[in-house]
Every structure is written in structure tokens, then in C-alpha cells.
Protein chains: 2
Amino acid sequence: MNVTLRQLRVFTAVYRTRSITRAAGELGITQSAASLLIQQLEAQLGVKLFDRSTRSVQPTLAADEAFAAAERMLSDAQGLSRRMRDLAQARAGRVAFLASAGTASALLPMVLAKFRASHPDIEIDMRDVAADDLVPRLSATDAEFAIGSVEGEFADITVETLTSGRLSAIGRRTADFAARRSLTWDELAQWPTIAMRSETRIRMQIDQALSAQGKRLDPTYEVTLINTALAMTAQGLGLAILPATMLPADQFPTLIARPLVRPALTRPVSLLQRQGRTLSPAAQAFVATARTVLAGRTTPPSG
Amino acid sequence: MNVTLRQLRVFTAVYRTRSITRAAGELGITQSAASLLIQQLEAQLGVKLFDRSTRSVQPTLAADEAFAAAERMLSDAQGLSRRMRDLAQARAGRVAFLASAGTASALLPMVLAKFRASHPDIEIDMRDVAADDLVPRLSATDAEFAIGSVEGEFADITVETLTSGRLSAIGRRTADFAARRSLTWDELAQWPTIAMRSETRIRMQIDQALSAQGKRLDPTYEVTLINTALAMTAQGLGLAILPATMLPADQFPTLIARPLVRPALTRPVSLLQRQGRTLSPAAQAFVATARTVLAGRTTPPSG
DNA sequence: TCAATTCATGAGCTTTCCCTATGAATGTCA
DNA sequence: TGACATTCATAGGGAAAGCTCATGAATTGA
């Protein structure tokens with residue numbers, strides 16, 4: 001047998017109270033159990049810890065030394081329990097995840113804000129990467145999950161759609177634009193347009209879908225960042241071609257989105273997880289927040 | 001139930017080996033026992049520690065954190081065991097004890113030397129105090145025992161005589177002195193004498209015994225320290241009146257002791273211990289050394 | 001598809017653990 | 001001084017746990 005924490009618990013109690021009976025009472029065990037545990041510990045360590053008579057229990061010098069070590073171990077044990085409980089309840093910890101550049105800038109800020117409000121002590125490590133890097137990075141780094149738009153299936157990675165935004169024209173609430181329920185891609189020609197650069201995933205999806213129908217987007221401006229597009233749109237430079245989900249209403253109150261049809265394209269925002277890996281409680285809480293926040297933003301499939 | 005060290009041992013082994021089977025083998029238990037222990041620990045902490053399939057055992061983030069704490073506790077436990085074992089075997093530790101001034105200067109140095117040779121890592125805290133203070137200090141301080149000459153009995157303190165020296169005249173190996181087997185107190189008048197001051201315990205014992213017989217010591221010199229008396233004697237200033245045990249033969253090779261008779265007085269050197277208090281292993285070792293060293297110096301009761 | 005490996009689970013046995021009861025020692029108070 | 005009270009140690013028995021063995025399920029590699 002080996003030293004046990006139970007023995008140490010009794011030991012420290014006896015050391016402090018200088019009484020086996022009192023220590024036993026403190027710990028909710030009988031005096032005989034406490035007496036036995038002390039004897040075991042002494043046998044284990046090969047050292048007399050208390051000079052005891054029926055009248056007094058005096059710690060030896062060895063006990064003085066052992067006490068410090070025992071207290072440390074017990075407080076370590078308690079600290080471990082507490083820390084794990086905090087982790088379990090997502091009151092502490094860290095969430096490391098990946099986000100595609102677009103999602104990170106347009107969609108996740110509000111998730112982050114809400115999550116931080118409810119879980120102020122959790123450290124957040126969001127790494128924005130190119131959409132193509134999501135899957136390889138998720139497999140290789142310590143990120144627990146990834147959020148972004150991906151297509152296809154991947155070994156060992158589960159993909160779940162959190163929200164899905166229809167590709168829309170986003171513009172100022174002007175009379176002629178606001179009046180429309182939707183626009184066709186062809187009708188876009190009437191306005192100046194602001195689209196993402198050809199290298200971006202969003203743009204590639206658009207170009208591919210349009211060219212399948214013999215059409216083609218011919219934007220007035222091309223930008224790299226979603227926010228740039230929105231800011232330009234707010235200035236009245238044109239209509240931004242983006243998934244509706246990418247428009248933060250609170251940040252750009254003057255802008256509205258109108259779905260583009262013929263073809264109607266949707267861009268999913270997915271949650272990627274490594275299969276067979278449990279998310280940390282903190283990550284689970286974050287994902288839950290993301291789910292609720294983003295679910296409210298899903299564009300209905302028809303309309 | 002609470003977290004146990006056994007659980008933590010299995011946990012760290014699994015964490016390191018990333019396999020329940022291997023960890024179980026390491027610890028000499030069956031795979032099922034290890035599996036169970038891990039499940040218990042998870043339940044206890046409320047946290048998933050490993051993502052396990054039949055093929056792999058992956059630590060979670062919580063496990064990463066727990067591992068550090070667990071390792072610390074286990075090494076603390078091992079350190080405690082080792083330290084206690086060292087104490088038990090008197091390979092480490094501290095001996096704090098009291099010694100009367102005379103004993104400390106004349107008798108204990110050789111004990112200290114021998115003890116230090118056999119127990120080099122034990123810290124020695126010898127406090128020399130007035131003989132009258134031995135008992136009160138022993139009760140009040142953290143000294144484990146005391147060595148010195150005391151008379152009478154004391155509550156809660158056991159007294160054991162380690163050696164006993166007959167009061168003797170100590171002088172240089174001159175023809176007339178060396179020829180004597182013993183001297184009477186009356187014969188002392190033929191030589192100049194060096195005695196301890198009246199305030200010292202030794203002197204008080206002498207004066208008391210002599211005056212009971214209507215005699216009286218009339219020393220040429222009176223000193224406070226035994227070593228002073230011996231040094232003066234070595235210079236040929238006279239005969240030192242001291243217990244024979246107080247003469248370190250190696251330090252004063254020119255000096256010899258001749259017992260004083262009519263009356264023959266002996267002065268015990270005793271070991272004082274608090275009743276019901278175990279000596280630390282280190283102290284036990286020291287006392288054992290003192291016993292053997294001093295036993296060799298006991299003046300035979302007649303001669 | 002089969003064999004091999006690995007983790008989880010259930011049954012049963014062994015060991016440990018803890019409580020009750022009692023004994024022994026010591027201090028207290030009349 | 002003697003009865004009483006308190007405290008620690010120990011013995012016995014029953015409950016709980018811990019462990020092993022056997023088996024099942026899942027997954028990998030030949």
C-alpha cells in the first residue's frame with residue numbers, strides 16, 4: 001500500500017486539533033477509524049508522527065515536517081478539483097478555434113460579444129485563416145473547432161451547418177432599391193457593384209455558379225475585406241454582393257439586403273469538429289452561443 | 001468519495017503512455033482496473049480527461065491542466081515518503097538539545113565529533129545553559145533532551161546516568177603526584193589547587209559534602225571554565241579539582257587524574273528526557289553515540 | 001474478411017474500510 | 001484516595017470498494 005490522501009487528511013486534522021477524537025469529529029468519521037488511519041500512515045512512512053497517551057496527542061518533529069507537505073498536497077487536490085469544476089462549468093478555461101477570414105470579421109464579432117458577456121473569464125483564441133486552410137489547420141493545430149464555409153466532406157471531421165445566408169445585394173435604403181423583394185443577377189447591371197476579389201472563396205463560388213449559366217459578374221469595385229465592401233456601400237458607392245448573413249445590422253443600420261435570384265445561391269457557415277474529440281466545456285459553451293446567435297440570422301430558404 | 005492518489009497515478013501513466021493497457025502494465029494492475037480508475041476520476045472531477053476509442057486515448061485540454069497538478073502531488077507524495085524515510089534512518093534531520101556548560105565544553109565535543117562522522121547530514125543544535133536551567137528549559141523549549149549533572153527527580157522528566165566521574169585531582173605527571181593512587185581532600189593542602197568558582201554546581205557539591213564532614217576546600221585559584229582550570233594545570237600552576245570524566249586525554253596528554261577520597265565524591269552525567277515524548281530518530285542516534293562514547297569514560301566506582 | 005488489438009462492462013471474489021463495542025490508561029473532582 | 005469521565009487502542013463483523021477474469025464491441029491492418 002501507499003500513502004493516501006485520506007490518511008493525510010486525518011493527519012492534518014489531528015495535527016491541528018491535537019486530538020484524534022476531535023479530528024474524527026471534524027471529518028465525520030469515528031475515533032477508531034481516525035486512530036487506525038494515523039497508525040497506517042505512521043507505518044507507511046516508517047516514522048512516529050504523534051506521541052500519544054490517552055490524555056494528549058503531541059506531534060513529533062517528523063510530524064512538523066510532514067504537516068507542511070501534507071497541507072500542500074491537500075490544497076493541490078482541492079485546487080485541482082475546483083479548477084476542473086470551473087472548467088466543467090465553463091467558468092474558466094480557454095477556447096482556441098479557427099475562423100475563415102470572412103466569418104471572423106463579419107459574423108463572429110457578435111458571437112464573441114455575447115459569449116464574453118456570459119463567460120467573462122474564458123480566454124478566447126480566435127485564429128482567422130484562409131478558408132482553404134480551415135481543414136488542414138484543424139487537423140494539425142490545437143484548435144478545437146473551426147467556423148467557416150467549406151464544401152465537401154472530410155475524413156475525421158464533422159461538418160454541421162450553423163447558418164446559411166443567401167447571396168444578396170446589399171445597399172442603402174433608397175426608394176428604388178428598397179422597393180425590390182429580390183434582384184436577378186442580370187438586374188445588377190443597373191447599379192455599380194462591389195464584390196470580393198476573385199481569389200476569395202465567396203467570389204469563386206459566385207463565378208462558378210454564374211458561368212455555369214453563361215453569365216458573369218462584372219463588378220465595379222473588387223475588395224478583399226468584407227468590411228471594406230460594406231463601408232463602401234454605406235458611402236453609396238454601389239451594391240455589395242455578399243451573403244445576407246454577412247451584414248451586421250447594428251453596425252450598418254442604413255444598409256439592407258435583397259436576395260439575388262436566378263440563380264439563388266446560398267453560402268453556408270459551418271462548424272467543423274474533429275471526429276471523436278470532445279470539445280472542452282468552454283468550447284461547447286462557445287459553440288452553443290454561436291448556434292443561437294447565428295440561427296437567428298439564417299435566411300429562410302425561400303422568400 | 002474524493003480524488004485519490006491511486007487515481008492520479010493511473011491518470012498520469014495513461015496521460016504519458018496514451019494507452020490504458022500500457023499504463024496498467026506499468027502499474028502492475030489489469031487493464032480493466034485502470035479503465036475503472038480513470039472513469040472514477042473523470043466522474044469525481046466532472047470532466048472528461050481522455051477521448052478514447054478502442055484505437056486511441058487522447059488527452060483533453062482539461063487533462064493537460066490536470067496532469068501538471070497530478071504530477072506535482074505525486075512527486076510531493078514521493079518526496080514526503082523519502083524525507084520521512086531519511087528521518088527514520090537518521091540520515092537527515094536535526095538534533096536540538098541542551099547541555100550544561102561543563103558537559104558541553106569538556107565532554108560533548110568528542111561525542112559531537114563521533115556523531116558527525118557517522119551522521120554527516122544531521123544538523124546539530126547544542127545549547128549550553130547553566131546546570132540549573134536544564135530542567136526548566138527542557139520543559140519549555142523544543143530541545144529534545146538534555147545532558148548534564150542534575151540531582152533529584154522531576155515530574156515528567158526521566159533521568160538516566162550516562163557516566164559518572166569521581167571527583168579527582170588532576171595534575172601533571174610529576175613523580176610525586178603520579179605515584180599516588182588517590183589523594184584525600186586533606187592531602188590537597190600540599191599543592192596549590194585550582195577549583196571551580198563557588199557559584200558553579202560542581203563546586204557547590206564539593207563544598208556541601210566537605211562541610212558535612214567539617215572540612216573545607218581552600219583553593220589557590222578559582223575559575224569559571226573547566227578548560228581554564230585544565231590549561232592552568234597543564235602550565236603547572238597546581239592541581240585541578242574536577243570530575244575525572246572532565247579530562248579529555250587527547251587534548252591534555254600531560255595531565256593525569258587521581259581520585260579524591262574521604263569523602264569520595266562522584267558526579268554523574270545524566271541524560272534528561274521528557275517523559276512520554278519519543279526522541280526523533282536523529283536524537284536517538286545521537287544519544288546512542290553519547291552512550292557508547294561516555295560509557296567508556298566512566299570511572300569505576302572503586303579504585 | 002479475418003485476426004489482432006484495445007477499451008468497456010459485468011460477475012464474482014478478495015480485500016479494505018469503517019462502525020460498534022469494549023478495554024486500558026490517565027487526569028479530575030469530591 | 002477512589003469514583004468518574006475522557007481519550008486512545010483494539011477486536012469483530014458487516015458493508016463497500018477494489019481487483020481480476022471473462023466477455024463484448026469497435027477499429028485497424030493484413
Side-chain angles (χ1 to χ4, degrees), chain A residues 1-44 47-60 63 139 154-158 274-278, chain B residues 1-44 47-60 63 139 154-158 274-278:
Chain A
M1 259 309 257
N2 233 316
V3 173
T4 68
L5 288 176
R6 157 178 267 96
Q7 288 165 359
L8 294 182
R9 250 183 281 276
V10 175
F11 166 65
T12 56
V14 172
Y15 185 91
R16 272 187 279 98
T17 61
R18 281 167 172 49
S19 155
I20 293 183
T21 304
R22 274 195 295 279
E26 233 176 56
L27 300 174
I29 60 175
T30 58
Q31 168 267 323
S32 60
S35 175
L36 238 34
L37 258 342
I38 293 293
Q39 289 175 55
Q40 281 175 14
L41 184 60
E42 286 183 330
Q44 225 99 130
V47 172
K48 197 137 191 281
L49 293 170
F50 298 102
D51 278 321
R52 29 199 197 286
S53 70
T54 55
R55 254 323 97 162
S56 80
V57 177
Q58 273 296 322
T60 62
S139 303
F154 310 92
D156 297 330
I157 289 187
T158 62
R274 276 177 290 202
Q275 207 148 29
R277 293 295 214 93
T278 323
Chain B
M1 258 310 255
N2 234 315
V3 173
T4 69
L5 289 176
R6 156 177 271 97
Q7 289 166 358
L8 295 182
R9 251 182 281 277
V10 175
F11 165 65
T12 56
V14 172
Y15 185 91
R16 272 187 279 99
T17 61
R18 282 172 171 43
S19 156
I20 294 184
T21 303
R22 273 195 297 278
E26 232 176 56
L27 300 174
I29 59 176
T30 59
Q31 168 267 323
S32 59
S35 176
L36 239 34
L37 257 345
I38 293 292
Q39 289 175 54
Q40 282 174 14
L41 184 60
E42 287 183 330
Q44 224 97 135
V47 173
K48 196 137 191 283
L49 293 170
F50 298 102
D51 277 323
R52 31 200 198 284
S53 71
T54 56
R55 251 327 93 161
S56 81
V57 178
Q58 273 295 324
T60 62
S139 303
F154 309 92
D156 297 328
I157 288 187
T158 62
R274 277 178 289 201
Q275 208 148 28
R277 293 295 215 93
T278 322

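Numbers restart at 1 for each chain; the letters A, B, ... are given by sequence-line order, proteins then strands.
- Following rounding to the nearest Å, B:L49 (CG) and C:dC7 (C1') show an atom-to-atom distance of 16 Å.
- We find that CD1 of B:I38 is positioned 12 Å from C1' of C:dC7, with the value rounded to whole Å.
- Here B:S19 reaches the OP1 or OP2 of C:dC7: one of its side-chain N or O atoms lies under 4.0 Å away.
- Taking every side-chain heavy atom of A:Q40 into account, C:dC17 is the closest of C:dC18, C:dC17, C:dT9.
- Counting to the nearest Å, the C1' atom of D:dT7 and the CG atom of A:D51 are 16 Å from each other.
- Using a 4.0 Å heavy-atom criterion, one finds that A:S56 contacts no nucleic acid atom at all.
- Remark: B:R9 fails to qualify as a cation-pi partner of B:F11 under the 6.0 Å distance and 45° angle criteria applied to the six-membered ring.
- Rounded to an integer number of Å, the gap from A:L41 CG to C:dC17 C1' is 16 Å.
- Taking 4.0 angstrom as the limit, B:T21 places none of its side-chain polar atoms (N or O) nearer than this to OP1 or OP2 of C:dT6.
- Annotation for A:I38 and A:V14: closest pair CD1-CG2, 4.0 Å, computed over non-hydrogen atoms.
- Looking at heavy-atom distances under 4.0 Å, A:A33 makes contact with sugar-phosphate atoms alone, never a base.
- Residue B:K48 contributes atom NZ, which lies 13 Å from atom C1' of C:dA8 at whole-angstrom precision.
- Spacing between atom CD of A:Q58 and atom P of C:dG27 amounts to 13 Å, rounded to whole angstrom units.
- Among the nucleotides C:dC7, C:dT9, D:dA9, the one closest to the side chain of B:V57 is C:dC7.
- The closest side-chain heavy-atom distance from A:D156 to A:S139 is not below 4.5 Å.
- Using a 3.5 Å distance cut-off with no hydrogens or angles, the side chains of B:Q31 and B:S35 do not pair a donor with an acceptor.
- Summarising the geometry, the separation between CG on B:N2 and C1' on D:dA17 is reported as 15 Å, rounded to the nearest angstrom.
- Side chain of B:S19 to backbone of B:T21: a donor-acceptor contact under 3.5 angstrom is found.
- Listed pair B:R6 / D:dA17 fails the phosphate criterion, with no side-chain N or O lying under 4.0 Å from OP1 or OP2.
- Under the 3.5 Å distance criterion, with hydrogens and angles disregarded, a donor-acceptor pair is assigned to the side chains of B:T30 and B:S32.
- Residue A:Q39 is in sugar-phosphate contact alone, with no base atom involved, counting any heavy-atom pair closer than 4.0 Å across all strands shown.
- Each of B:R22 and B:S32 lies near DNA chain C, and the nucleotide nearest B:R22 is the one positioned closer to the 5' end.
- Distances from the side chain of A:S35 to the nucleotides D:dA9, C:dT9, D:dA25 place D:dA9 closest.
- Distance from the side chain of A:I29 is smallest for C:dC19 among the nucleotides D:dC8, C:dC7, C:dC19.
- Between A:R52 and D:dA9, a side-chain N or O to OP1/OP2 separation shorter than 4.0 Å is present.
- The listed nucleotides are D:dC21, C:dC18, C:dA24; the one nearest the side chain of B:T30 is D:dC21.
- Residue-to-nucleotide proximity on DNA chain C shows that, of A:L37 and A:R55, the 5′-proximal contact is made by A:L37.
- The nearest whole Å value for the distance from the CD atom in A:E42 to the C1' atom in D:dA9 is 12 Å.
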